Amino acid sequence: MLYQYLFPLVDTVGAFNVFKYLSFRAFGAAVTALMLALFVGPAIINYLKKMSFGQVVREEGPESHYKKSGTPTMGGLIMLFALFISMLLWMNFSSVSTWIVLFVTVCYGLLGFVDDYKKVVLKNTKGITAGQKLAAQFIVAGITAWLFIQFTDLNSELRFPFLKNFTIDLGVLYIPFGMLVIVGTSNAANLTDGLDGLLVGIIIITMVTFGLLTYLAGNAIFAEYLDIPYVKGVGELAVFCAAVAAAGLGFLWFNSHPAQVFMGDVGSLALGGAIGTLAVATKNELLLTIIGGIFVAEALSVMIQVLYFKKTGKRVFRMAPLHHHFEMKGLPESKITIRFWIIAILLAIIALATLKLR
Ligand code: 57M
């Protein structure tokens, strides 16, 4: 909004020229989102407590989690509130890609809210059935793929990390592929949200990485220097990435161990979906398997555990997802979380290095 209404007045107030700079608006969006999250956090946590939106901890989970029962969930509302207000102020309303990423974030957030509400308020521990959740996610992802094709110059080429000029044109198959990236990332993020601070820390690292990627790919000079495809208009997504990373930092203030609040599906599905959509918007679908390597490991651990158990009746991991396996081995929760963050930072550095290592 500030860009739309203040930049045109630049002839009268020269200082408004700053609003045309992406870096300035990304910085402004980050500061706004962080301050808002820190400011509204306590009020939202108290409201969730008052409404007794307490997490039901399943008995088959690790014993160390039993004491968490009753911790307010749906704290993802703190991040989404901070994100949307910050974007309203700092985004460029003419950025179609930003509206599309926000569309997925809102739709998946609503889906998560309904799931949380059914589980926590209506005490229907199953929430929405897995089939209903997946169907809704694929429908939103399908609309998103259509929006990208209709309103942006997104192409159906698949780029490979480390390979400079090698691409595969998926043609019409790009649509189901793109949908799979969005739905898969959302659900992998949801599975990862099982330890205090774990998911939000990974989201912060991922968003900083995508913020850099979008800023570089959206800047013709940097794109040429790094010899990466220049994707017109994608730079605006750096404002979104900065706002999410900062809102996440604000949420981490309350979600750090011992967590005062969990983000709930409203947060994990929304922000996981946003990450998948960013990968599609910036043509970094395969690079996401490196940046989001923790999500891949967590989802794979569940698939391996379920398939092996069905085949042999035995478990590969002491408990899936992977973070529970290390908990069952006796590692303290915060040690697992911080080691997963360290791995995520290493993966982000490798992903950024692939821009040059080609
Ligand atoms: C999402 N939700 C956490 C919290 C958070 C197929 C199977 C792998 C599914 C999976 C599952 O149920 N996943 C659901 C993970 C839950 O967190 C809530 O859910 C929201 C995210 N969607 O915001 O509201 C619990 O995680 C803990 N937590 C924290 N701190 C946080 O900041 O401590 C979450 C956030 C919370 C809290 O205890 O209650 C979750 O773990 O359910 N199922 C599992 O992950 C279960 N694994 C399992 O069943 N493994 C089996 C088979 C199926 C693979 C096996 O290994 O044989 C584990 N989770 C639970 N109990 N709750 C273990 C059993």
Side-chain angles (χ1 to χ4, degrees), residues 55-76 79 112 115-116 119 125 127 130 184-207 209 248-249 251-273 275-276 288-309 314-348 350:
Q55 178 72 44
V56 175
V57 176
R58 301 203 314 249
E59 64 284 350
E60 72 274 16
E63 271 182 47
S64 58
H65 284 230
Y66 293 172
K67 60 182 177 300
K68 294 170 182 264
S69 197
T71 305
T73 187
M74 298 169 83
M79 286 187 283
D115 194 26
D116 285 332
K119 275 187 288 193
T125 47
T185 312
S186 178
N187 287 305
N190 186 38
L191 284 175
T192 305
D193 193 22
L195 296 182
D196 295 353
L198 177 59
L199 177 57
V200 71
I202 306 282
I203 287 173
I204 292 166
I205 295 160
T206 307
M207 283 298 172
T209 309
L249 210 52
F251 178 70
L252 182 59
W253 185 272
F254 307 103
N255 183 241
S256 46
H257 187 72
Q260 297 159 257
V261 67
F262 298 149
M263 71 167 77
D265 287 28
V266 64
S268 59
L269 292 182
L271 297 178
I275 290 169
L288 180 61
T289 58
I290 300 175
I291 302 172
I294 294 290
F295 294 149
V296 173
E298 296 263 59
L300 272 181
S301 69
V302 170
M303 288 180 225
I304 293 165
Q305 181 87 326
V306 171
L307 290 174
Y308 192 78
F309 187 78
K314 296 193 189 91
R315 286 182 161 78
V316 174
F317 304 96
R318 295 191 184 190
M319 186 178 285
L322 198 56
H323 55 264
H324 283 321
H325 171 74
F326 294 112
E327 267 194 306
M328 304 303 273
K329 286 186 75 171
L331 260 69
E333 176 169 351
S334 43
K335 188 178 270 294
I336 301 168
T337 298
I338 292 172
R339 286 183 174 178
F340 273 38
W341 289 352
I342 292 169
I343 294 167
I345 290 168
L346 290 176
L347 290 169
I350 292 167

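This one's a predicted model, so the numbers in the text were calculated from it and none came from an experiment.
Atom CG of L271 and atom CD1 of I203 lie 4.5 Å apart (nearest 0.5 Å). Of the inter-residue distances, the one linking W253 atom CH2 with Q260 atom CD reads 10.0 Å to the nearest 0.5 angstrom. For the atom pair CD1 (I202) and CD1 (I291), the distance works out to 12.5 Å, reported to the nearest 0.5 Å. Here CD1 of I350 is found 12.5 Å from CD1 of I345. Values are rounded to the nearest 0.5 Å. Atoms CD and CG, on E298 and D193 in that order, are 10.0 Å from each other to the nearest 0.5 Å. The CG atom of L191 sits 13.5 Å away from atom CD1 of I294, with the distance rounded to the nearest 0.5 Å.
The two residues S268 and L199 make their nearest non-hydrogen contact at CB-CD2, 3.5 Å. Annotation for H324 and G194: closest pair CE1-O, 4.1 Å, computed over non-hydrogen atoms. Looking at every heavy atom in both residues, H323 comes nearest to L195 through CB-CD1, 3.6 Å. Smallest separation of non-hydrogen atoms from F295 and T192: CD2-OG1, 3.4 Å. Contact record, K314 with Y308: O-CD2, 3.3 Å, taken as the closest heavy-atom pair. The nearest pair of heavy atoms linking G197 to T337 is C-CG2, 3.9 Å.
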message: Please determine whether side chain to side chain contact (heavy atoms under 4.5 Å, CB included) holds for the pair R339 and F326, giving the CA-CA distance in whole Å, both sets of side-chain angles, and the decisive distance to 0.1 Å.
response: CA-CA 11 Å; R339 286 183 174 178; F326 294 112; over 6 Å; no
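The backbone N or O of D116 lies less than 3.5 Å from no partner atom in the side chain of D265, so there is not a single donor-acceptor pair. One N or O on the side chain of Q305 and one on the backbone of V316 form a donor-acceptor pair closer than 3.5 Å. Without hydrogens or angle criteria, E333 side chain to E327 main chain gives no donor-acceptor distance under 3.5 Å. Of the possible polar contacts, none joining the H325 side chain to the A320 backbone as a donor-acceptor pair under 3.5 Å is found. At least one donor-acceptor pair under 3.5 Å links the side chain of S186 to the backbone N or O of L269. Put simply, the side chain of D196 gets close to the backbone of A259: a donor and an acceptor are under 3.5 Å apart.
Looking at heavy atoms from C-beta onward, I304 lies in side-chain contact with F317 at the 4.5 angstrom threshold. In this structure, V200 and M79 have side chains that are in contact, with non-hydrogen atoms separated by less than 4.5 Å. Side-chain contact between F262 and K68: present, with at least one pair of heavy atoms (C-beta onward) separated by less than 4.5 Å. Using a 4.5 Å heavy-atom cutoff, the side chains of V261 and M74 are not in contact.
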